[in-house]
Amino acid sequence: MLVVIPEVSHFLLMMALVLSFGQAVAVFAPTSGAVVRGQRVMATGLTAVLALSFLGLIWSFVTSDFSVRAVAENSHTAKPFLYKIAAAWGHHEGSLVLWVLILALFGWWVSRLRASDRFMQVTMGVQGALILAFVALIVFTSNPFLRLDPVPLQGASLNPLLQDPSLALHPPMLYVGYVGFSVVFALAVAALVTGRADADWARLVRPVSLVAWSFLTLGIGLGSYWAYYELGWGGWWFWDPVENASLLPWLSGTALIHSLIVLQKRGLFAAWAVFLGIISFCLSILGTFLVRSGVLTSVHAFAMDPLRGYAVLLIFLLFAGGAFALYAVRAHRLSTGVEAPEFTMTSREGMMTINTVVLAVLTLTVLVGTLYPLLLEGLTGQSISVGPPYYNQVFTPISALLLLMLPVGSVMAWRHVGERPKRLWVPAVVVMLCGVLLTLWLGVAHLWPIAGLVLGGWVVLCSVIDLWQRPVRTVGVWGMALAHIGVGLLAVAAVAETAFRDDITRPLAIGESLEIGPTQLTLRRVGEVDGENYVAMRGQVEATLRNGKQQTFWPERRYFPASAQTTTEAAIRTTPLGDLYVTIAEPKMRDGEAVWPVRVARHPMIPALYLGMLLMALGGGLAAYQTYRRRGA
Amino acid sequence: MSLWPKGRKARRRLTIIMVVGAALAVAVGLALSALRDTVVFFYGPSEIAEKATPGQTVRLGGLVAMGSVEELGPQAVRFVVTDQAQTVPVEYVGTLPDLFREGQGVVAEGQLTPEGLFKAKTILAKHDETYMPREVKKALEASGEWRGEGAETSVLPTTGKANHEDGS
């Protein structure tokens with residue numbers, strides 16, 4: 001019986017196609033409670049059907065059923081159990097199944113909201129149409145349940161670089177983020193159709209956009225962490241086009257969650273919030289297209305069939321085009337339920353609105369940098385790449401402006417500055433003083449990075465003080481404060497890491513040493529160790545730290561016979577102030593003696609960097625909880 | 001001023017449009033000027049000699065010629081990048097990425113010396129060893145040597161190499 005699981009799973013996908021079609025076309029039926037109830041049933045059915053289908057896929061991977069092509073191409077019997085499961089979404093077809101499953105889960109969640117029949121009908125209809133589009137993409141271009149004949153005896157295994165716990169979790173997290181914005185998109189379209197985007201609408205949208213944003217933060221963070229320790233390029237962000245693809249919806253999503261607050265509290269700028277909701281999901285699909293079509297040259301690029309890329313592009317054009325056409329016709333008629341509320345720029349809502357505009361501008365500059373090479377190549381045939389220098393020139397000053405404004409906005413009152421802003425000059429003086437001390441210590445040559453550190457410190461300090469001074473500290477207040485502290489920490493760490501990291505590479509024979517800063521490292525031994533599905537060359541590097549303490553590093557090079565690939569495993573020692581990072585390369589001969597190139601790098605503030613991202617995600621989660629609880633009240 | 005609208009709502013709308021317009025204009029100006037200064041051009045071995053000025057940072061993409069990788073020291077390496085029509089000698093100091101192989105696609109970022117030697121600062125790594133960088137594919141297509149995805153990429157050591165041997 002179990003033999004037919006792939007066929008059953010494939011059939012379940014077909015059922016999903018029918019159900020989502022029904023849920024989508026129901027939008028054209030005359031509105032009634034019965035239609036909405038029908039859509040709810042279909043949304044629940046879709047979730048069940050897609051969950052079972054996904055379980056079927058996981059089953060094929062866990063049992064290493066190599067008659068299924070996706071399994072044969074991406075799995076191997078000798079792979080650790082966890083990675084057999086993770087391989088189910090470690091490739092194009094399977095990751096799409098996970099994508100639609102998450103889409104259906106969010107669709108199920110949205111189907112349980114309470115709102116007017118017309119509103120629910122449109123929302124679920126849009127969600128159904130999205131599921132329909134992506135299930136059709138799977139069924140017609142990327143069927144994961146295709147059989148192979150003859151059945152291979154062994155699979156080709158998952159790329160060993162991807163056999164890593166943080167990368168096993170990276171795609172699901174990222175998808176929850178991307179797909180979470182689909183709900184925002186559906187709710188935004190429903191707002192346009194019904195003509196209402198009021199405080200109640202903002203209350204519906206806020207929890208899900210916060211959840212999506214938090215997971216996106218986690219997904220980006222995990223990807224960055226993986227690139228940092230597994231790829232071993234000595235950095236955490238490379239302005240790689242695919243990294244940018246995930247940053248784009250994150251930036252517009254950040255603008256979205258702030259504009260929703262302004263809409264909910266003050267009934268202002270409904271059209272702007274709706275626009276940000278639509279664009280965030282469009283950027284999510286655009287990101288998916290860029291990653292999967294192979295139009296980008298990137299470390300992430302998969303060798304991929306361009307047909308699928310164009311199918312995703314078609315989906316993008318259909319939904320983005322449709323939504324923006326609707327927006328153009330209906331946006332000016334959106335009612336917020338508040339008649340011409342007062343508005344001054346020197347208020348909290350004023351600062352938050354400026355913040356959303358600046359974030360949108362930031363999104364635009366990243367979009368320009370990401371798409372410009374494609375555009376130029378399409379027009380002139382000349383290949384170019386836009387790298388870190390561009391983003392340093394453009395992204396850095398604009399985000400510095402954001403950091404400068406953040407605390408100012410937080411201390412302002414709603415509506416008006418009734419009193420003088422709270423005492424911001426105390427933290428301002430403190431961080432300036434720190435800046436002066438740092439300049440004296442490190443020298444004027446480092447003025448720019450020090451300015452960055454001061455700005456980050458300014459955000460952290462002001463957020464802590466603000467939290468301290470609050471008379472009532474609700475979950476939501478904690479969420480906001482933690483997220484803002486996270487932003488500041490991230491800024492401080494990013495500046496410190498970029499400006500002050502250093503590294504040294506030297507070929508070492510056994511017993512030889514190298515020095516980095518106050519630390520001396522000696523290569524003691526190189527041996528061989530066996531892993532579950534690899535053999536590794538492992539170096540033993542003894543470090544003598546400043547305080548005379550000894551520490552041993554075990555950097556490895558792992559060879560995976562199944563895919564004939566080698567990976568570098570860095571040995572990392574983490575302290576609160578930074579990481580010491582050791583890698584070893586293939587031996588070479590020098591005067592008849594074997595030497596191993598050992599690379600040692602110091603990465604300051606790396607823990608603060610990832611702590612900052614974690615705090616942002618946690619803060620977003622707390623705020624989501626608060627807004628969700630408050631929804632009914 | 002009669003141009004300044006009377007109604008509160010209209011006035012706010014105008015203010016906002018002006019603020020957003022100014023922000024967008026500044027951003028686009030900043031982005032375009034930064035693009036002009038920071039864009040890195042990509043060339044195949046056949047184009048690089050005529051199109052890249054020595055000292056300018058560019059990317060070079062092609063295949064690593066078979067048998068061309070030689071170590072100049074424990075850290076420095078020299079190899080030849082080819083599109084089957086032309087070749088460019090490349091020198092690189094540092095650790096090569098795990099997926100660097102003879103006969104496979106490579107993208108190097110660096111500068112061309114007046115003698116025609118490419119001094120690479122970075123060799124770009126990639127995820128997947130079967131993946132051919134799109135630009136490399138393009139360079140091969142441009143020289144008429146692209147044999148399609150999955151075709152055997154046997155890269156013979158080519159004669160052009162000898163011309164550059166004295167480049168160091």
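None of these values were measured; they are calculated from a predicted model. Any value given below was found using the heavy atoms of this structure, including those in side chains, with hydrogens, waters and symmetry copies removed. In what follows, chains carry the letters A, B, and so on, assigned in the order in which the sequence lines appear, proteins first and then strands, with residues in each chain numbered from 1.
- For the atom pair B:L35 CG and A:Y372 OH, the distance stands at 6.0 Å (nearest 0.5 Å).
- A:T365 is not listed as a side-chain neighbour of B:L30, based on a closest heavy-atom distance of 4.5 Å or more.
- Within the 4.5 angstrom heavy-atom criterion, no atom of A:I584 approaches chain B.
- Within residues 50-57 of chain B, no residue approaches chain A closer than 4.5 Å by heavy atoms.
- Taking non-hydrogen atoms and a 4.5 Å limit, the residue list of residues 393-402 of chain A in contact with chain B, ordered by number, reads A:Q393, A:V394, A:P397, A:I398.
- Between chain B and the residues A:V358, A:V361, A:T353, the most heavy-atom pairs under 4.5 angstrom are made by A:V361.
- Rounded to the nearest 0.5 angstrom, B:E109 CD and A:S385 OG are separated by 5.5 Å.
- Contact check for B:V40 versus A:I384: no side-chain heavy atoms found under the 4.5 Å cut-off.
- Using a 4.5 Å heavy-atom cutoff, the side chains of A:Q382 and B:Y43 are in contact.
- With a 4.5 angstrom heavy-atom cutoff, B:V28 touches chain A only via side-chain atoms.
- Options B:A31, B:S33, B:A27 differ in how many heavy-atom pairs under 4.5 Å they form with chain A, and the most are formed by B:A31.
- The contact between B:V39 and chain A is made by backbone and side chain atoms together, counting heavy-atom distances below 4.5 Å.
- Here the CG atom belonging to B:D37 is positioned 11.5 Å from the OH atom belonging to A:Y390, to the nearest 0.5 angstrom.
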